[in-house]
Amino acid sequence: MSPQDYAAAHADRFNTKLFDLVRIPSVSTTPELAGEVKRAGQWLVDEMKRIGFPTAELIATAGHPIVYGEWLTAGADRPTVLIYGHYDVQPADREADGWATDPFEPVVKDGVLYARGSTDDKGPVVAHLNAIESLVNTDGLPVNIKVIFEGEEEVSSLHLGQFVAEYKDRLSADACLISDTSIYSAEQPSIVYALRGLAYMEIHVQGPATDLHSGGFGGTVHNPAQALAEIITKLHNPDGAVSVPGFYDDVRPLGKDERDEMAKTPWTQEDWSRATGLTTPWGEPDYSLRERVSARPTLEVNGMLSGFTGTGAKTVLPAKAMAKISCRLVADQEPRDIYEKVKAYVAQITPPTVTSDVRLLHVGDPALTERDSTAMQAAIDAYTQAWGRRPVFMREGGSIPIVSDFQRELGLPVILMGFGLSTDGAHGPDEHFRLDLYHKGTQAIIAFHQAFAERSRT
Ligand code: BES
Ligand code: MN
Ligand code: MN
């Protein structure tokens with residue numbers, strides 16, 4: 001039996017495995033759920049051992065554990081693939097976030113699995129194990145495999161960078177394969193070659209020493225919530241461009257080849273409207289919607305906090321206000337440099353009636369991957385086989401901070417070979433994953449390992 005036939009024959013069992021994993025609420029940002037994150041990591045280790053991994057272990061960090069495995073029996077003449085994925089998920093609350101069903105109880109409707117983590121990133125993670133199992137139980141592994149499954153991706157990979165730097169030699173490989181991005185459509189696969197970076201900040205504005213009676217002091221004290229709103233308003237020009245001086249200085253312009261490629265993945269205003277429920281787009285006017293959301297840097301307000309927000313009324317003049325702000329960055333912007341620029345600009349536009357402070361919470365570098373490596377050729381072969389259609393190259397707007405570490409520390413070509421759709425509702429309510437794409441993804445991973453082994457023969 002071929003590995004492809006094996007995977008097809010075991011599709012039902014592969015579904016059940018994924019259902020088991022999404023039942024574990026491994027929300028990395030919630031301290032009370034740390035035990036569940038660990039349980040999901042242990043579930044993966046157990047599953048890897050069951051498949052036959054000679055090495056599979058849960059490695060403790062100061063945060064959530066790293067799942068690490070090795071299967072190096074293909075031989076020294078065969079290439080080694082480092083697989084990365086994450087088993088932590090975003091928070092999900094059925095009532096508060098408006099899920100139709102329990103986010104941690106898998107529900108299949110019309111061939112679509114609904115559950116937190118189904119598309120981001122448990123489905124793709126289990127697809128990798130399915131592909132390995134299918135190879136091992138038929139032809140044998142054509143490549144050597146190293147696996148890192150992380151439990152802290154959704155909280156910006158707090159401890160993985162150090163692990164990668166420390167275990168540089170042990171992690172050596174010929175390519176890194178990651179399934180944590182989307183494809184253009186269910187029919188048209190795409191390989192992501194650029195991800196954005198991130199600089200996540202808080203702006204704190206301080207007014208009076210304590211909250212004041214708004215009747216006694218309003219009209220004489222510059223309300224910090226008001227002052228913060230004024231500051232935020234000045235972070236963009238009226239046309240939607242970021243107004244922080246120097247913000248765009250290091251943006252590498254798109255090449256002609258990239259523009260031609262981008263034309264193959266249009267994102268029309270109708271597509272955008274369907275996804276957002278809105279009618280009128282906003283943002284840099286000189287750039288297409290696709291370009292704005294993937295190849296241009298942005299600055300977003302992620303949240304604001306000030307004063308009284310409980311039920312009813314309280315006539316208070318708040319002492320302080322805070323906003324969470326993040327910038328998505330593109331090559332060759334540097335997160336710390338952007339932070340310095342935002343900080344300097346906020347200091348400049350802060351009115352003399354209040355004080356402000358900009359704090360950096362976390363950073364992630366943008367990533368651009370090589371498009372002409374042997375591994376990339378293998379990925380093109382793999383999608384072409386599984387989808388019957390050649391993949392196109394695409395940039396995506398999200399971030400996977402560890403990608404740049406893999407490139408820098410390990411010197412590896414990174415292949416971003418995902419299987420979900422951008423409309424799967426990752427991070428939102430009713431997150432879902434099409435089971436046909438889960439199985440096609442499994443087929444594509446099998447084909448990748450075969451093609452990479454084949455193309456690496458000298
Ligand atoms: N899988 C996403 C990254 C992603 C999203 C890639 C959309 C391509 C398109 C990942 O799990 C994620 O959500 N990353 C965070 C990183 C952050 C917490 C540092 C993100 O992009 O917000
Ligand atoms: Mn993800
Ligand atoms: Mn995510």
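Both counts, for ligands and for their atoms, begin at 1 and track the order of listing. Sequence positions, counted from 1, serve as the residue numbers for this chain.
The pair D20-R23 meets the salt-bridge criterion, since a charged nitrogen lies less than 4.0 angstrom from a carboxylate oxygen.
Of all N, O or S atoms in E154, the one lying closest to the Mn ion (ligand 3) is OE2. Within D120, the N/O/S atom positioned nearest the Mn ion (ligand 3) carries the name OD2.
The single protein non-hydrogen atom nearest to atom 17 (C) of ligand 1 is L198 CD2, 4.0 Å, given as residue, atom name and distance. The protein atom (non-hydrogen) at minimum distance from atom 3 (C) of ligand 1 is S399 O, 3.4 Å. Looking only at protein heavy atoms, the nearest one to atom 5 (C) of ligand 1 is G398 CA, 3.7 Å. In this structure, the protein non-hydrogen atom closest to atom 6 (C) of ligand 1 is D180 O, 3.6 Å.
Within the 2.8 Å limit, D180 places at least one N, O or S atom next to the Mn ion (ligand 2). Residue contacts to the Mn ion (ligand 3): H427 brings an N, O or S atom closer than 2.8 Å.
Close contacts between ligand 1 and E396 involve ligand atoms 8 (C), 9 (C) [criterion: under 4.0 Å to a heavy atom]. Proximity to H86 (heavy-atom distance under 4.0 Å) selects the following atoms of ligand 1: 11 (O). For ligand 1, the atoms lying closer than 4.0 Å to a non-hydrogen atom of P401 are 19 (C).
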Could you go through the side-chain contact (heavy atoms from CB on, under 4.5 Å) check for I446 and Q450 one step at a time? CA-CA 6 Å; I446 294 170; Q450 292 173 324; 4.0 Å; yes
Can you list the steps and then say if L235 with I325 is a side-chain contact (heavy atoms from CB on, under 4.5 Å)? CA-CA 10 Å; L235 296 176; I325 302 271; 4.1 Å; yes
Determine, step by step, whether C327 and M201 satisfy the side-chain contact (heavy atoms from CB on, under 4.5 Å) criterion, reporting the C-alpha distance in whole Å, the side-chain angles of both residues, the deciding distance to 0.1 Å, and the verdict. CA-CA 8 Å; C327 296; M201 301 165 252; 3.7 Å; yes
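Counting non-hydrogen atoms of neighbouring residues, nucleotides and ligands closer than 6.0 angstrom, the CZ atom of R336 reaches no more than 12 such neighbours.
Here's the thing with Q90: none of its N/O atoms is less than 3.5 angstrom from an N/O atom of ligand 1. In terms of polar-atom proximity, defined here as any N/O pair under 3.5 Å, H427 does make such a contact with ligand 1. Taking distance alone, with nitrogen or oxygen atoms compared against 3.5 Å, D120 approaches ligand 1 more closely than that limit.
Proximity of a side-chain donor or acceptor of E261 to a complementary backbone N or O of F393 within less than 3.5 Å is detected.
The residue among R196, E153, R328, E154 with a heavy atom at the shortest distance from atom 20 (C) of ligand 1 is R328.
A tilted orientation is assigned to the rings of Y6 and F14, their planes being inclined by 30° to 60°. Relative orientation of the H128 and F419 rings is tilted, given thresholds of 30° and 60° on the angle between their planes. Taking the six-membered ring where tryptophan is involved, the planes of H236 and W282 are perpendicular, since the angle between them exceeds 60° and thus also 30°.
Between D169 and S172, the side chains place no donor N or O within less than 3.5 Å of an acceptor N or O (distance only, hydrogens not considered).
Heavy atoms of D121 found under 4.0 angstrom from ligand 1: none, in either backbone or side chain.
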